[in-house]
**Q** 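Before I ask anything, here is the structure I am working with.
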Amino acid sequence: MSVWTGACVRISLLLLVVCAPGLAGAEAARLDPARELAPYYRVLPLGSERWAGHTVQRLQLQALDHWRFGYAVWTEQQSGVVLRWQMRDAQGRVLAQMTGSEVRAGVARVLEGLALWPGARAVSPGGTVLAPVQVGSEGWVLKNPVPGFMSVRCAHRRIGTGAGLQWVFSDGVAMVSVFVERFDPSVHADASVQVLGGTHTLRRRKGLWQLSAVGEVPLHTLEAFLQGLERDG
Amino acid sequence: MAEHPPATHCVSELIDGELPRSAFAPALRRLAQDAQALEAWRIYHTVGQVLRHGALREDPPDPLFVAALMDRITQEESTPGAAEDAPHAIKSIAGYAVQTGVSRVKSPFQQSANAPWWGWRMLAGWAVLALLTALAWQMLGGEGDWQPALAATDARPMLRDPQLDALLAAHREARAARALAAPDPGVRNAVFEGSSR
């Protein structure tokens, strides 16, 4: 059952989309362990409970290796809509979380919810110019892939005042963007690390290039991405 | 010359348990000697009883409790620093307790929920108000991440970094595009910004 065709969306789902888009896919699949989550996450049903007036199923997405974070997920029992989730590190500390309380019907409610969310804006289709490219045609290759992360798309795009390559990877829940730009000393620092909740950013200079990795994964996962990225030929 | 606080003030603090330890003995002494203070004591307890029960309770005191209390008072050794007059004051207070039925020491929380006691409704009202305030705070002032439960990462304020903002925006857009790769074309490429940067 797809959440979109199931017509059960509401404000909180927007946050889910923002913070853990892979979970939206997982939600559509009703977190079926036989699907894309199975090799890298263990789905543990923890029973049902009441949350914000709804009967919810509590699930734990336990990361099976150190390359990704785990999640606690609360899904509305009938629709499967995720009402609440938490991103947790290996020690069980909550890095980021989303909590919603309303389940409304109709996709129109999504846009209505957007207007309510502080700072929210909707970009119309085509608002961002992306130029998809074939992986490898730009002369970059990920020689040492990170277990579980598959290439989702690769495209040229504007990055701030400049332009560069964005290569997106996902393991079905977490997502990592790897950016490649020409190094510009007026814009780029040689190396930096930022942590915003569960979102980590790692930037590093590599010769004439500035490599950056952003994702809801541990810092060493981003490090592995940048280490594995090499100029081909 | 230092002025003594009003008798009612001391009694109020004594009843509320807010009296400093050093002021406890003088307060008891004053309660024993000052008719105005003792009257304030009675009035405050009467007010408290009305607030807790909605009316003055005329139930007779529990004789076993009163007997045990008086025995304990009799046997109690006066602690150093406590006023010699303290037993007298305590007896006065205990006597009043006997008169007014305070000795029943029945907690208001032992009332059944449907008892005609308006304090329950007041408590429920405060609870609802607190809940609504918390929800309003999160809806109006909060961001995507709920801070109270989050693990401490880096509390230092971050300087604006346009390049970092651009990377995060591009990453968010990629996440949204993937999540919204759905049948409905109207929301397929929606981008939602809710983080603190």
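What you see is a predicted model; the values in this text were computed from it and never measured. To find a chain, count down the sequence lines: A is the first, B the second, and so on, and within it residues start at 1.
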**Q** Would you give the length of the straight line joining atom CG of L164(B) to atom OG of S212(A), rounded to the nearest 0.5 angstrom?
**A**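 So the CG of L164(B) and the OG of S212(A) are separated by 9.0 Å.
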
**Q** Which heavy atom in H171(B) sits nearest to a heavy atom in M175(A), and how many Å separate them?
**A** CE1-O, 3.3 Å

**Q** With a 4.5 angstrom heavy-atom cut-off, is it the side chain or the backbone of R203(A) that approaches chain B, or both, or neither?
**A**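 The side chain, not the backbone.
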
**Q** Measure the spacing between CG of L168(B) and OG1 of T201(A) and express it to the nearest 0.5 Å.
**A** 4.5 Å

**Q** Which bit of Q91(A) is near chain B, if near means a heavy-atom gap under 4.5 Å: side chain, backbone, both or neither?
**A**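 Contact with chain B is absent: no heavy atom of Q91(A) under 4.5 Å.
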
**Q** If I compare all heavy atoms of L167(B) with all of E181(A), which pair ends up nearest, and what's the gap?
**A**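 L167(B) and E181(A) have their closest heavy atoms at CD2-OE2, 4.1 Å.
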
**Q** Using the side-chain hydrogen bond (donor to acceptor under 3.5 Å, both in side chains) criterion, which residues pair with E49(A)? Sequence neighbours excluded.
**A**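 E49(A): side-chain hydrogen bond (donor to acceptor under 3.5 Å, both in side chains) contacts with W74(A).
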
**Q** Given that the side chain runs from C-beta out, which part of T199(A) has a heavy atom under 4.5 Å from chain B: side chain, backbone, both or neither?
**A** side chain

**Q** State the CZ-CD distance between R157(A) and E173(B), to the nearest 0.5 angstrom.
**A** 4.5 Å

**Q** Looking at Q166(A) and A170(B), what are the two nearest heavy atoms and their distance?
**A**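 Closest approach of Q166(A) to A170(B), heavy atoms only: NE2-O, 3.2 Å.
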
**Q** Quick one, Q163(B) and T161(A) - any side-chain contact, counting heavy atoms below 4.5 Å?
**A** no

**Q** Closest heavy-atom contact between S177(A) and A174(B)?
**A** OG-CB, 4.2 Å

